[in-house]
Amino acid sequence: MATKRSSQGGATDNGQPAKKKGFWALGLLDSMKDPALQHFTDDKIVVIKDKYPKARHHFLVCPRLKINNLKALKPEHLPLLNHMHEVGKRIIKESIGEEELKYQLGYHAIPSMSHLHLHAISRDFDSPCLKNKKHWNSFTTDYFVDSMELIAELEENGCVDTSGRNGEELLKQPLRCHVCKSQFANMPKLKGHIVKHIKK
DNA sequence: GTTCTAGAAC
DNA sequence: GTTCTAGAAC
């Protein structure tokens with residue numbers, strides 16, 4: 001067999017160009033529909049486990065309503081955002097259980113995946129899937145938009161404006177421990193360090 | 001979002 | 001020599 005990379009997402013391999021540009025960016029919509037990945041659902045939202053968790057506990061809270069990004073948010077979405085926040089908080093707490101891990105709830109300023117999704121993630125960041133600077137800075141710099149702050153901004157201004165943040169810049173920031181702010185030259189050194197902050 | 005890998009960094 | 005990052009392809 002001429003084994004190229006096995007095509008994902010049901011694309012055929014015989015020159016059938018089922019591959020649109022950025023097809024992967026819609027993967028979240030497929031994951032939402034897959035009962036095997038659904039951790040919790042109600043009439044407003046679907047909660048799935050992140051396919052590549054960046055910490056010991058990592059969930060995505062997705063509204064059933066189609067909302068493309070933070071820019072599309074309007075005051076009418078506030079009840080939904082509050083609901084996502086509350087359910088996300090409950091689920092991450094339940095998942096963490098007895099462990100003494102903190103957590104954070106929020107959105108990426110410029111997400112890679114289409115469709116709005118709230119990250120509910122424990123703050124150990126102890127995961128083999130957390131591999132590079134972009135991963136790290138997307139959760140530990142202002143690239144990560146805190147859910148409560150986002151809700152407050154929408155309440156005050158009637159919209160969410162992330163144009164003040166330079167996403168590219170934030171992702172290139174030096175690697176710093178999120179607990180003690182120590183700086184590290186590379187990912188292995190950072191990862192070796194952060195586990196020391198986890199109470200066992 | 002991930003995987004792969006060239007070449008920079010060590 | 002090996003480790004690690006970062007950019008292209010997917």
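In this text, all values refer to a predicted model and were calculated from it rather than measured experimentally. So you know, we letter chains A, B, ... as the sequences are listed, proteins then strands, and number each from 1.
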What integer distance in Å separates A:Phe23:CZ from C:dC10:C1'?
11 Å
Within the 4.5 Å heavy-atom criterion, are A:Arg165 and A:Tyr143 side-chain neighbours or not?
no
Gap between atoms CG and P, on A:Asn132 and B:dA8 respectively (whole Å):
20 Å
Spacing of A:Met32 atom CE relative to B:dG1 atom C1', expressed in whole Å
16 Å
Across the strands shown, which category fits A:Lys54 at heavy-atom distances under 4.0 angstrom: base, sugar-phosphate, nothing?
sugar-phosphate
In terms of hydrophobic clustering (I, L, V, M, F, W, Y; side-chain heavy atoms under 4.5 Å; direct or indirect links), are A:Phe125 and A:Leu170 co-clustered?
no
Value in whole Å for how far the C1' atom of B:dG1 lies from OH of A:Tyr143
11 Å
Nearest heavy-atom approach of A:Gln38 to A:Ile48 is CA-CG2, 4.1 Å
Report which part of the nucleic acid A:His115 touches: base, sugar-phosphate, or nothing (heavy-atom distance under 4.0 Å, all strands).
nothing
Give a yes/no on whether any side-chain N or O of A:Lys131 is located under 4.0 angstrom from OP1 or OP2 of B:dT3.
yes
So, OP1 or OP2 of B:dG1: does either fall under 4.0 Å of a side-chain N or O from A:His108?
yes
Between the side chains of A:Glu86 and A:Arg90, is the shortest nitrogen-to-carboxylate-oxygen separation below 4.0 Å, so that they form an ion pair?
no
Rounded to whole Å, CD1 of A:Ile110 lies from P of B:dG1 at a distance of 11 Å
In whole angstrom, give the distance that lies between atom CH2 of A:Trp24 and atom P of C:dA8.
14 Å
Whole-Å gap separating P (C:dT5) and CG (A:Leu190)
10 Å
Atom CG of A:Leu37 and atom P of B:dG1 are separated, to the nearest Å, by 16 Å
Side-chain N or O of A:Lys133 less than 4.0 angstrom from OP1 or OP2 on C:dG7?
no
